[in-house]
Amino acid sequence: MGKTLILIIDMQNGFQNAYTEGLDQKTLCFLDQLEEKGADVLIAGTCYVNHEQTACYCFEGWKACMAGSKEAEILDSLRPRMQQIFRKDKYSCWNGEMRQFVRENDIEKVYFTGVNTGCCVLHSAFDFYNDLVDCSVIEDLCASTSGVREHEAALIVLRSCITKERVIPAEQAVEEILLHQGAKQGRQ
């Protein structure tokens, strides 16, 4: 039976501001709640690493989160909880390395958290969904460095494109994970 992956998107120093502040602590509370209830999940993260050949650098002139910088590092609060970190230089994390990880670990369901809702979270969710990997976006564990309006706009697009049933609050994600694992244990 397949496993559940909590995929924490780009929770790194360079994406921390007034709009994303505290998201790491909310995510830790969510992970603690799963652990306290005995959920068996894999936890991984992604890290956007900018360089001179990225679209963000070339088209926007954006020079933050450059390779080797403190901005490009995962937040110290979350790093110890991640069993693996996937480095990327595109919005989506759905690449050969991620495909292999999902396949080798028999991942059945992916739950997305992190930033930016309308960029890396959205693109990753679209790509997983398009390749028939069951996924959900945890709406209250995502944020946008551009503000609440941009976050909400991305949620509207996600509800429209990957279905409203896949854009859920953290409380529902906990229930789904526990229900799935209870059903899985009943089949063993």
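The chain is numbered in sequence order, starting from 1. Heavy atoms only: backbone and side chains are in, while hydrogens, waters and symmetry mates are out.
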A.B. asks: Could you tell me which residues satisfy side-chain contact (heavy atoms from CB on, under 4.5 Å) with D89, sequence neighbours excluded, listed by chain and number?
C.D. replies: H51, T54
A.B. asks: Output every pair passing salt bridge (charged side-chain N to carboxylate O under 4.0 Å, His left out) with a member in residues 8-22, not counting sequence neighbours, ordered by first then second residue.
C.D. replies: D10-K88
A.B. asks: Output all residues satisfying salt bridge (Lys or Arg N to Asp or Glu O under 4.0 Å) with E35, sequence neighbours left out; order by chain, then residue number.
C.D. replies: R81
A.B. asks: What residues, two or more places apart in sequence or in another chain, satisfy side-chain contact (heavy atoms from CB on, under 4.5 Å) together with C119?
C.D. replies: Y91, N116
A.B. asks: Which heavy atom of C93 sits nearest a heavy atom of S124, and at what distance?
C.D. replies: N-OG, 3.0 Å
A.B. asks: Residues sharing M98's hydrophobic cluster, by side-chain heavy-atom contacts under 4.5 Å among ILVMFWY, directly or via others?
C.D. replies: L5, L7, I9, L42, F86, W94, F101, V102, I107, V110, F112, V121, L122, F126, F128, Y129, V133, V137, L155, V157, L158, I162, V167
A.B. asks: Can you list everything that forms a salt bridge (Lys or Arg N to Asp or Glu O under 4.0 Å) with R79? Sequence neighbours excluded, please.
C.D. replies: none
A.B. asks: With sequence neighbours left out, which residue pairs that include part of residues 48-63 fulfil the salt bridge (charged side-chain N to carboxylate O under 4.0 Å, His left out) condition?
C.D. replies: none
A.B. asks: Report the residues that fulfil salt bridge (Lys or Arg N to Asp or Glu O under 4.0 Å) with E171, sequence neighbours left out, ordered by chain and then residue number.
C.D. replies: none
A.B. asks: With sequence neighbours left out, what residues match E176 under side-chain hydrogen bond (donor to acceptor under 3.5 Å, both in side chains)?
C.D. replies: Y111, Q172
A.B. asks: Restricting to side-chain contact (heavy atoms from CB on, under 4.5 Å), what partner residues turn up for Q100, sequence neighbours left out?
C.D. replies: R103, E104
A.B. asks: For V174, what residues pass the side-chain contact (heavy atoms from CB on, under 4.5 Å) criterion, not counting sequence neighbours?
C.D. replies: F30, Q33, L34, K37, L178
A.B. asks: Could you name each residue pair satisfying salt bridge (charged side-chain N to carboxylate O under 4.0 Å, His left out) that touches residues 134-149, not counting sequence neighbours?
C.D. replies: K109-D134, D134-R166, E139-R159
A.B. asks: Which pair of heavy atoms, one from C47 and one from A72, lies closest together, and at what distance?
C.D. replies: SG-O, 2.7 Å
